[in-house]
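These notes concern the structure reproduced below.
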There are 2 protein chains.
Amino acid sequence: MNTDALRGHMDALLLSVLEHEPLHGYAIIEALQQRSGGALSVPTGTVYPALRRLERVGHLTSAWATVGGRKRRTYRLTASGRAALAGERSAWQEFTSAIGAVLSPRPQHDA
Amino acid sequence: MNTDALRGHMDALLLSVLEHEPLHGYAIIEALQQRSGGALSVPTGTVYPALRRLERVGHLTSAWATVGGRKRRTYRLTASGRAALAGERSAWQEFTSAIGAVLSPRPQHDA
DNA sequence: TTCCACATGTCGCCAGTCTACATGTAGGCT
DNA sequence: AGCCTACATGTAGACTGGCGACATGTGGAA
């Protein structure tokens with residue numbers, strides 16, 4: 001799976017996966033894959049820039065850590081990020097219900 | 001509503017709205033708006049090029065008609081378009097379930 | 001020493017959506 | 001007559017953001 005249809009929903013995904021625990025980029029990618037049952041394979045070229053963008057607008061903060069000799073940049077939700085997540089969730093509801101309403105197969109109208 | 005998050009789902013919307021009856025561009029825009037309960041306002045600059053693209057790849061055919069002195073280009077689903085619609089529908093299912101799985105608020109894990 | 005998993009990052013491409021503009025008819029209202 | 005709105009189609013160009021490909025480096029196992 002995984003067309004470029006994710007467009008516009010990446011923020012929601014990233015914020016959601018960071019809701020309960022701070023994670024670093026690589027772990028975020030794995031978390032997305034696991035949570036979606038393997039359906040989502042988000043490439044690094046998408047995730048890292050997106051994380052930086054979310055930090056730039058204040059929805060995330062980051063901190064470096066070294067674990068086992070590996071450098072990680074760990075991201076954490078801010079209050080603003082939490083609010084944004086709530087907004088993304090309701091936007092997602094509206095979005096799916098709107099598209100779903102159009103897409104749902106309706107029986108051929110019979111007189 | 002209506003961000004550019006429609007990206008990648010326009011084809012599905014257009015094919016779906018044409019499933020049971022041929023329509024012309026202007027009517028398609030109105031149909032999308034009605035079916036979505038007013039949520040979708042797709043601009044002409046999106047719809048007309050998209051229709052032409054779908055015709056180019058063989059999912060639609062078009063024919064001119066004059067109704068009340070107005071020229072209309074009426075689009076109709078082809079067999080290929082019907083197949084594409086089925087594909088779009090199942091892709092939409094997969095898509096929403098994948099994103100939904102990530103987005104759904106999960107309770108804070110407590111020991 | 002080779003290879004893979006871990007880990008982060010950038011650059012440039014590109015598809016597709018949107019804004020704004022251009023064009024024209026029909027019909028109602030004043 | 002003149003104006004406005006709904007109907008109807010279309011294009012050009014800007015913008016956006018996800019993606020593929022590349023670059024870099026560590027730790028550990030074979």
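Note that the structure is a prediction, hence the values are computed from the model and not measured. Chain A is the first sequence line, chain B the second, and so forth, proteins listed ahead of strands; every chain is numbered from 1.
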(message) How many whole angstroms separate atom CZ of B:R53 from atom C1' of C:dC14?
(response) 14 Å
(request) Round to the nearest Å and state the distance from B:L13 atom CG to C:dT17 atom C1'. (result) 13 Å
(message) Under 4.0 Å, counting only non-hydrogen atoms across every strand here, what does A:G25 touch: a base, just sugar-phosphate, or nothing?
(response) sugar-phosphate
(request) May I ask you to test the B:R53-B:D11 pair for a side-chain heavy-atom distance under 4.5 Å? (result) yes
(request) Return the value, rounded to whole Å, for the distance between atom NZ of B:K71 and atom C1' of C:dG24. (result) 11 Å
(request) Using atom CZ of B:F95 as one end and atom P of D:dG18 as the other, report the distance to the nearest whole Å. (result) 11 Å
(request) Return the 5'-most residue of the pair A:H24, B:G68 with respect to DNA chain C, ranking by each residue's nearest nucleotide. (result) A:H24
(request) Flag the pair B:R35 and B:E30 as a salt bridge only when some basic side-chain nitrogen lies within less than 4.0 angstrom of an acidic carboxylate oxygen. (result) no
(request) Counting heavy atoms from C-beta on, name the nucleotide in D:dA6, C:dT8, D:dG18 closest to the side chain of A:M10. (result) D:dG18
(message) So, OP1 or OP2 of D:dT9: does either fall under 4.0 Å of a side-chain N or O from B:T44?
(response) no
(request) Ignoring the backbone of A:V42, work out which of C:dT17, D:dC19, C:dG9 is nearest its side chain. (result) D:dC19
(request) Round to a whole Å and report the spacing from CD1 of B:I28 to C1' of D:dC7. (result) 15 Å
(message) I'd like to know whether the aromatic ring centres of B:Y48 and B:H24 sit less than 6.0 Å apart in this structure.
(response) no
(request) To the nearest Å, give me how far apart CD (B:E88) and C1' (C:dG16) are. (result) 14 Å
(request) From the options D:dG10, D:dG27, D:dT9, select the nucleotide whose nearest atom is closest to the side chain of B:R52. (result) D:dG10
(request) Could you check which of C:dA7, D:dG20, C:dT17 has an atom nearest any side-chain atom of B:T46? (result) C:dT17
(message) Taking the nucleotide of DNA chain D with the nearest heavy atom to each, does A:G69 or A:P49 sit closer to the 5' end?
(response) A:P49
(request) Take the protein atom OH of A:Y48 and the nucleotide atom P of D:dT24, then report the distance between them rounded to whole Å. (result) 17 Å
(message) If only side-chain N and O atoms count, and only distance matters, is there a donor-acceptor pair under 3.5 Å linking A:S62 with A:R73?
(response) yes
(message) Distance criterion of 3.5 Å, no angle test: do you see the side chain of A:R7 paired donor-to-acceptor with the base of D:dG17?
(response) yes
(request) Taking the side chain as every heavy atom from C-beta outward, state whether A:L6 and A:L13 have any pair of such atoms under 4.5 Å apart. (result) yes
(request) Could you check how far NE2 of B:H9 sits from C1' of C:dA15, rounded to whole Å? (result) 14 Å
(request) May I ask you to evaluate whether A:R73 reaches the phosphate of C:dC6, defined as a side-chain N or O under 4.0 Å from OP1 or OP2? (result) no
(message) I want to verify a distance call: between D:dT9, C:dT8, D:dC7, whose nearest atom is closest to the B:R70 side chain?
(response) D:dC7
(request) Considering just the side-chain nitrogens and oxygens of B:R72, establish if one lies under 4.0 Å of OP1 or OP2 belonging to D:dA8. (result) yes
